[in-house]
Protein chains: 2
Amino acid sequence: MPSTDAELKKAGLKVTSPRIKILDILKKPEHQHVSAEDVYRILIEQEDEVGLATVYRVLNQFDDAGIVTRHHFEGGRSVFELSAKKHHDHLVCLTCGRVIEFEDEVIERRQLEVAQANQIELTNHSLYLYGECKNADNCEYNTEDANPGRFGV
Amino acid sequence: MPSTDAELKKAGLKVTSPRIKILDILKKPEHQHVSAEDVYRILIEQEDEVGLATVYRVLNQFDDAGIVTRHHFEGGRSVFELSAKKHHDHLVCLTCGRVIEFEDEVIERRQLEVAQANQIELTNHSLYLYGECKNADNCEYNTEDANPGRFGV
DNA sequence: TTTGGTGCAAACGATTTGCAATTCT
DNA sequence: AGAATTGCAAATCGTTTGCACCAAA
């Protein structure tokens, strides 16, 4: 895996302090799905002074460069995620906000067939499943990771 | 099918002129997927004076009442559609903005299985397929219905 | 040095809200 | 009458931009 610096260079982006910090944040497993405001808040919490506008700009550049993928969850705001090596969809718990990634061959194949049947050349798709954890134990609600209401319906 | 008036009453909403006009617009087949601004524009075109704020309020009330379903297509703004008698997903042409509704048993079933496997009680889901019409002929781009860029990536 | 990047504040587009005037029941 | 609804303008929210200043190559 290339270093953060190398990744930025490869994307044709100058290696700057804000970009390094933001990319490093996105790389942390606990920050798999964050909004621009989330990133901004995290930066402030770790005492790094980066303007909100810069966060938006950098995130957009990362999106353009293919470093991150932008998602439109219910609720309006954009959520970013490090571009996965592998395609996957999302299962979101509406109670605790936990996001589970999954991939289903059958669904993927059917999507292509549906598009085909309608004479459409599929360029991309988005599938989100929303639900609630069956056992309170599984549910991360009340956990420090919990972000209740964030994906509220 | 109940009259517009009856539907509003059943939803516990007072029968007012703006609500009747908006619901009637939503019922037209050519307005299956419209944004609040779309509705507002249509109202003005047909010489009906209704405030934009009212359009938003009414659309939200309809959503709460289950009369319409709100969608979050790529691009930010919300698109509303008369609640379907039958569940379906969407296939969107990014070139002409045309929206094709479809339903696929296999996909539906797999979704439930995926949720089940992850101990999540599925409450709802959203699946959007984005692509481009294969033949320029099929593509409604340049048609009066066309709304290019509206769903642009 | 030269080109691109950054912060800040103002600008934006979509949507919501406070409030006084108006309309259903 | 009395409660719900509307219009308008001001307020929000998430996001983008103009511009003077600063930093990487």
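Chain naming here is simple, since letters A, B, ... match the order of the sequence lines and numbering starts at 1 in each. Computation of the quantities below employed the complete heavy-atom set of this structure, encompassing side-chain atoms and omitting hydrogens, waters and symmetry-equivalent molecules.
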Exercise. When rounded to the nearest 0.5 angstrom, what is the spacing between NE2 in His31(A) and CG in Leu26(A)?
Worked result: 9.5 Å
For this session: Return yes if the base of dT25(C) and the side-chain atoms of Lys14(B) contain a donor-acceptor N/O pair under 3.5 Å, otherwise no.
Result: no
Problem set entry | Mutual orientation of the aromatic rings belonging to His88(B) and His90(B) [parallel < 30°, tilted 30-60°, perpendicular > 60°] | perpendicular
Exercise. What is the distance, rounded to the nearest whole Å, between atom CD of Gln61(A) and atom P of dG5(C)?
Worked result: 6 Å
Exercise. Of the candidate nucleotides dT15(C), dA9(C), dT15(D), which contains the atom at the shortest distance from the side chain of Ala53(A)?
Worked result: dA9(C)
Exercise. Could you state the CZ-C1' distance from Arg77(B) to dT15(D), rounded to the nearest angstrom?
Worked result: 13 Å
Exercise. Just to confirm, is there a sub-4.0 Å distance from OP1 or OP2 of dT16(D) to any side-chain nitrogen or oxygen of Asn60(A)?
Worked result: yes
Exercise. Which nucleotide, dT16(D), dT15(C), dT6(D), lies nearest any side-chain atom of Tyr56(A)?
Worked result: dT16(D)
Exercise. Side chain of Lys9(A): nearest nucleotide among dA14(C), dT15(D), dA25(D)?
Worked result: dA25(D)
For this session: Figure out the CG/P separation between Leu13(B) and dT5(D), and round it to whole Å.
Result: 6 Å
Exercise. Nearest-Å distance, CG (Asp64(A)) to P (dG4(C))?
Worked result: 16 Å
For this session: For Leu8(A) and dG4(C), give me the distance from atom CG to atom P, rounded to whole Å.
Result: 16 Å
For this session: Looking only at side-chain atoms of Thr16(A), point me to the closest of dA3(D), dG5(C), dT15(C).
Result: dG5(C)
For this session: Decide yes or no, distance alone: a donor-acceptor N/O pair under 3.5 angstrom between the base of dG18(D) and the side-chain of Arg57(A).
Result: yes
Problem set entry | Interatomic distance where CD belongs to Glu37(A) and P belongs to dT12(D) [whole Å] | 15 Å
Exercise. Near Glu103(B) CD, under 6.0 Å, is it more than 12 heavy atoms from other residues, nucleotides or ligands?
Worked result: yes
Problem set entry | Nearest-neighbour nucleotide for the Arg19(B) side chain, dG7(D), dG14(D), dA4(D) considered | dA4(D)
Exercise. Separation of Phe80(A) atom CZ from dG14(D) atom C1', in whole Å?
Worked result: 11 Å
Exercise. Side-chain contact, heavy-atom cut-off 4.5 Å: Leu129(A) with Asp89(A)?
Worked result: no
Seminar exercise, completed: Regarding the side chain of Ala36(A), the nearest nucleotide among dT6(D), dA14(C), dT15(D) is dT15(D)
Problem set entry | 5'-most by nearest nucleotide on DNA chain C - Val15(B) or Val58(A) | Val58(A)
Exercise. Base, sugar-phosphate, or nothing: which does Ser17(A) touch, judged by heavy atoms less than 4.0 Å apart?
Worked result: nothing
Problem set entry | Pairwise P distance for dT15(D) and dA11(D), with rounding to whole Å | 22 Å
Problem set entry | Separation of atom CG in Leu52(B) from atom C1' in dG13(C), rounded to whole Å | 11 Å
Exercise. What residues, two or more places apart in sequence or in another chain, satisfy side-chain hydrogen bond (donor to acceptor under 3.5 Å, both in side chains) together with Gln46(B)?
Worked result: Asp48(B)
